[in-house]
Amino acid sequence: MFDRLEKIKIFRKFLLSYLLILTIPLFTSFVVYQVSVHKIKENATENSQNLLNQTKEIIDKRNDEIENFVYQLSLNPEINQLMYRKSNTDINIPYDIYKVQNSINPYWYTNKLFRNFYIYFNQIETIVSPNSSYMRTKDYYNSHVYEGLSYEDWKKSINETYLSRHYLPAANVKMGEKTESIITYVQSLPFNSKNPKANIVVMIDETEITTLLNRISSQYDGSTFILDDKGNVIVGDNMDKNMVSFDKSAGKFSIKGQDKKYMYIETKSKNNKWTYVAVISKEKLSEDVSYIQTISSVLAFLTIMVGLFTALLFSYKSSIPLNRLLGVMKITEIGKAANPYDFIHSNVEDIIANNDRLKVKIQDQLPILQDSVIRKLAAGEFTSSKEARALMEQANLPLKGSFGYVGIVQIIHMLDELDKEMLDEMNVAQLFIQNELTEYFNGEALLSNIDKDQVLFLLSSDKKISIEEMKKLENTLHLFIKQMEDKFRMKVNIGIGSPFELLTDIHQSFEEAKLSLPFIQTIQGQGSLYKHEHQYQEDAIDYYYPIEVELRLINAVKNGEINEVNELIEKILVENVETRVLTHQNGTQLLAALNGTMVRILSKNTQLNSAKADEIRERLEELLLKKGSFHHNIEQIKEMMMEIAQCIYENKFVGRQQVIHRMKEWIKHHFSDPDLTMHKISEAVDLPEKMVPLIFKEHVGVNISDFIEDVRINFAKTKLMHSDDTIDEIAVLSGYNSAHSFRRAFKRNTGTSPSEFRKMMKSA
């Protein structure tokens with residue numbers, strides 16, 4: 001009886017153990033399920049936000065294209081000439097209209113965003129488009145009829161009102177036999193003038209934007225809107241205008257009464273203060289969650305049923321050997337043992353030692369550990385050689401000693417961004433490089449892919465590298481470069497740093513290898529070996545091109561300061577050619593540095609038109625390919641920089657002339673204001689207050705305060721000659737607070753008093 005109870009206890013212990021093991025994966029799966037549900041919802045929301053941000057960036061870029069296009073038109077001399085014409089009966093008007101139409105016609109071909117635009121000239125009531133001109137504006141309206149907008153309303157609200165960077169919400173426009181939904185962009189000329197002389201109107205096909213918004217609304221069974229800063233819907237896809245409300249006092253949007261059904265996401269544009277709104281169906285987001293919930297429930301039920309059956313079966317089978325053992329043992333002996341399983345305790349270490357499966361898993365993780373250690377060595381993450389060596393021993397890295405070199409093999413390509421197919425090709429290329437390096441160095445090189453187009457190799461030695469060994473290494477790498485091109489038609493550059501003598505110096509050698517690689521790759525040239533060399537000797541001759549000179553040169557070009565550009569280039573030439581004995585190597589390095597400066601100027605300069613920028617890029621690339629003399633190349637670079645500065649100066653000059661014209665006109669209309677200040681003028685022309693006197697003095701040649709005084713005194717002279725107003729009355733009309741200040745200003749300006757001037761003019 002006692003023996004039977006002992007056997008039941010053993011079976012029960014096995015069963016409880018297996019059931020306990022069964023609860024662990026069930027509990028884990030429950031936790032994983034909860035985390036997965038949370039992550040799916042979080043990722044779906046994040047993906048929606050990212051997609052909305054991407055859509056915003058694309059639309060913002062298109063808006064920038066339109067504004068740049070309008071800005072270019074504002075600089076057009078033919079347009080500026082025509083918009084100041086005051087009568088369409090002038091004999092020269094037809095020819096002026098022809099010149100404007102001829103100058104804007106090329107824009108019709110460059111971008112389909114500008115396929116439908118026109119310029120309305122207010123003073124002569126004429127419309128000019130790329131394909132035609134309309135002396136009778138109603139003819140244009142009849143061929144482009146806005147739904148719900150009469151001719152008079154169309155003329156007044158779009159063409160004759162001052163509007164700046166203004167977008168009208170999408171509206172149906174009948175163009176001939178078809179009707180299209182159009183978003184209208186309007187910009188008045190001149191800028192910041194409340195009395196427009198012309199309006200540039202760009203009619204944008206709504207589908208250009210709704211196709212971008214549809215990516216979100218179709219994916220998540222919702223709607224997508226674009227609203228302006230006043231809450232007006234500019235355009236939307238699958239939209240219900242009643243779904244979103246705008247609180248003007250708080251300046252925020254919200255979903256009206258449908259929070260349980262929909263989720264609201266928004267992002268704002270810094271360019272035009274538009275708000276991009278995505279209303280996403282929560283039911284759509286929950287589809288994946290419901291699917292996982294169903295699968296998890298079914299799997300949990302099956303796991304429990306199968307687990308119970310397995311636990312019973314294994315408990316029975318596992319208890320049989322012990323029961324048999326108990327059958328041949330005396331109960332008294334069993335009673336002495338605290339645990340019936342104590343007899344296997346001594347065999348645990350042997351079981352672990354002989355566990356082949358555990359050994360295989362450790363071996364599978366070894367390459368990942370080795371790559372991680374190599375990356376940490378290159379990044380300089382170890383504080384001591386002892387720590388680095390301990391981790392390398394753990395990773396079983398074949399490092400001979402603390403001496404060696406770090407090199408980088410760089411695949412030559414001309415692509416800034418790689419798509420999936422190109423990344424796959426790069427991965428294959430890196431595999432070829434690693435295999436060849438392993439063969440060349442007999443498996444003694446440590447290898448790691450450190451970038452999409454670069455492979456790091458680390459060579460170690462137990463003694464300091466001699467000059468002969470270094471030359472042998474360089475010859476080997478030259479052969480490797482040639483082998484890669486002959487065998488795989490792959491061009492590579494190799495950069496190597498200075499030798500390291502401590503494991504903690506590997507990072508420095510790695511950084512030097514990176515710096516030695518060329519800044520500008522050329523696909524037409526051959527792969528080369530680049531060796532980092534220090535020049536710390538006192539008598540070493542270096543080229544002159546400090547960072548502060550480069551920054552001054554870049555700023556001078558960006559600011560259109562032609563003389564400054566010329567002086568800086570001349571200074572660089574004098575310092576390098578006359579003051580220093582410039583070697584061929586340093587001369588080549590100086591040219592490379594100036595080429596790098598040109599690349600930075602072209603990449604960051606937004607004031608240069610794209611056609612001119614592309615032309616200069618082509619000339620720079622051609623210059624890099626040709627092997628001209630040092631002086632010829634310097635002169636070519638100088639010429640290109642001065643051309644860029646000249647273009648920027650001319651653009652600024654045209655814009656500044658318009659600003660000066662607006663300043664003068666505004667002063668002539670407001671000089672009678674005794675409280676006329678720089679602040680008021682700056683607000684009128686939309687410039688910072690400190691810039692107003694500086695720009696005026698630079699372009700007019702006199703102080704703006706002197707100009708204001710001249711305008712006031714000239715007005716006073718006219719009044720003194722042609723009216724009987726008193727001196728006090730003329731002082732007030734001229735903008736002076738008192739007759740005393742007026743008399744002082746008049747005497748300072750003319751050399752005589754107002755009363756003497758009047759007496760002199762009347763007696764003449």
Side-chain angles (χ1 to χ4, degrees), residues 57 60-69 71-72 75 106-107 110-111 271 410 412-418 453 493 515 517-525 543-573 576 587-655:
E57 290 173 3
D60 280 354
K61 286 182 180 178
R62 297 195 176 183
N63 290 343
D64 288 341
E65 289 180 33
I66 294 173
E67 293 186 9
N68 289 334
F69 160 69
Y71 178 72
Q72 290 177 15
L75 301 177
Y107 292 109
T110 58
N111 193 322
N271 288 8
Q410 179 187 51
I412 299 176
H413 64 90
M414 298 298 289
L415 299 176
D416 294 329
E417 295 184 3
L418 303 178
D453 58 354
N493 288 325
L515 292 174
L517 289 169
F519 176 71
I520 302 173
Q521 297 188 38
T522 169
I523 199 69
Q524 290 82 7
Y543 65 87
Y544 173 82
Y545 192 45
I547 185 66
E548 60 269 17
V549 172
E550 182 183 25
L551 292 176
R552 283 179 59 194
L553 189 57
I554 292 173
N555 288 331
V557 174
K558 288 169 64 177
N559 294 329
E561 298 171 355
I562 304 166
N563 293 334
E564 178 76 3
V565 173
N566 184 51
E567 290 175 5
L568 287 171
I569 295 290
E570 289 300 321
K571 180 180 179 180
I572 293 168
L573 272 173
N576 285 287
T588 305
Q589 292 174 347
L590 175 59
L591 283 173
L594 287 169
N595 286 330
T597 303
M598 279 294 300
V599 170
R600 282 187 281 278
I601 290 172
L602 290 169
S603 64
K604 296 179 180 179
N605 202 318
T606 58
Q607 303 176 65
L608 198 63
N609 67 70
S610 58
K612 187 65 177 177
D614 291 340
E615 179 211 334
I616 292 178
R617 283 193 187 93
E618 291 176 5
R619 286 163 57 188
L620 184 62
E621 290 176 5
E622 186 178 350
L623 185 67
L624 291 173
L625 294 175
K626 289 183 178 179
K627 294 183 178 180
S629 67
F630 172 78
H631 286 281
H632 175 265
N633 289 347
I634 288 282
E635 284 300 321
Q636 289 293 309
I637 292 172
K638 174 183 172 182
E639 182 181 332
M640 285 184 272
M641 287 186 179
M642 293 184 70
E643 280 185 33
I644 297 172
Q646 179 70 30
C647 290
I648 293 171
Y649 173 77
E650 290 174 356
N651 290 341
K652 281 186 175 181
F653 182 78
V654 172

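Quick note: numbers below take in every heavy atom, side chains included, and nothing from hydrogens, waters or symmetry partners.
- Using a 4.5 Å heavy-atom cutoff, the side chains of Lys638 and Leu573 are not in contact.
- When side chains are defined from C-beta on, Thr597 counts as touching Met641, because their heavy atoms get closer than 4.5 Å.
- Salt-bridge formation is not detected for the pair Lys61/Asp64: no Lys NZ or Arg NE/NH1/NH2 atom is positioned less than 4.0 Å from an Asp or Glu carboxylate oxygen.
- A 4.5 Å side-chain heavy-atom check between Glu570 and Glu567 finds every atom pair outside the cut-off.
- Minimum heavy-atom separation, Ala613 to Leu602: O-CD2, 4.3 Å.
- Side-chain contact between Glu643 and Arg619: present, with at least one pair of heavy atoms (C-beta onward) separated by less than 4.5 Å.
- In this structure, CD1 in Ile601 is found 9.5 Å from CG in Asn555, a value given to the nearest 0.5 Å.
- Asn63 is listed as a side-chain neighbour of Asp60, based on a closest heavy-atom distance under 4.5 Å.
- How far CG of Asn566 is from NZ of Lys571: 14.0 Å, rounded to the nearest 0.5 Å.
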Under the side-chain contact (heavy atoms from CB on, under 4.5 Å) rule, what do Met640 and Leu623 come out as? Steps first, then yes or no, please. CA-CA 11 Å; Met640 285 184 272; Leu623 185 67; 3.9 Å; yes
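- Contact check for Leu553 versus Ile569: side-chain heavy atoms found under the 4.5 Å cut-off.
- Atom CG of Leu591 is separated from atom CG of Asn633 by 5.5 Å, given to the nearest 0.5 angstrom.
- Between the CG atom in Leu620 and the CG atom in Asn595 there is a gap of 5.0 Å [rounded to 0.5 Å].
- Using a 4.5 Å cut-off on side-chain heavy atoms (C-beta onward), Ile634 and Ile572 make no contact.
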Test Glu639 against Gln636 for side-chain contact (heavy atoms from CB on, under 4.5 Å), laying out the working first. CA-CA 5 Å; Glu639 182 181 332; Gln636 289 293 309; 4.1 Å; yes
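- With rounding to the nearest 0.5 Å, the separation of CD1 in Ile562 from CD in Gln646 is 3.5 Å.
- With contacts defined as side-chain heavy-atom distances shorter than 4.5 Å, the pair Met598/Ile644 qualifies.
- Here the side chain of Asn576 pairs a donor or acceptor atom with the backbone of Tyr544 at under 3.5 angstrom.
- Summarising the geometry of Glu561 relative to Ala645, their closest heavy-atom pair is N-CB, 4.5 Å, with the distance given to 0.1 Å.
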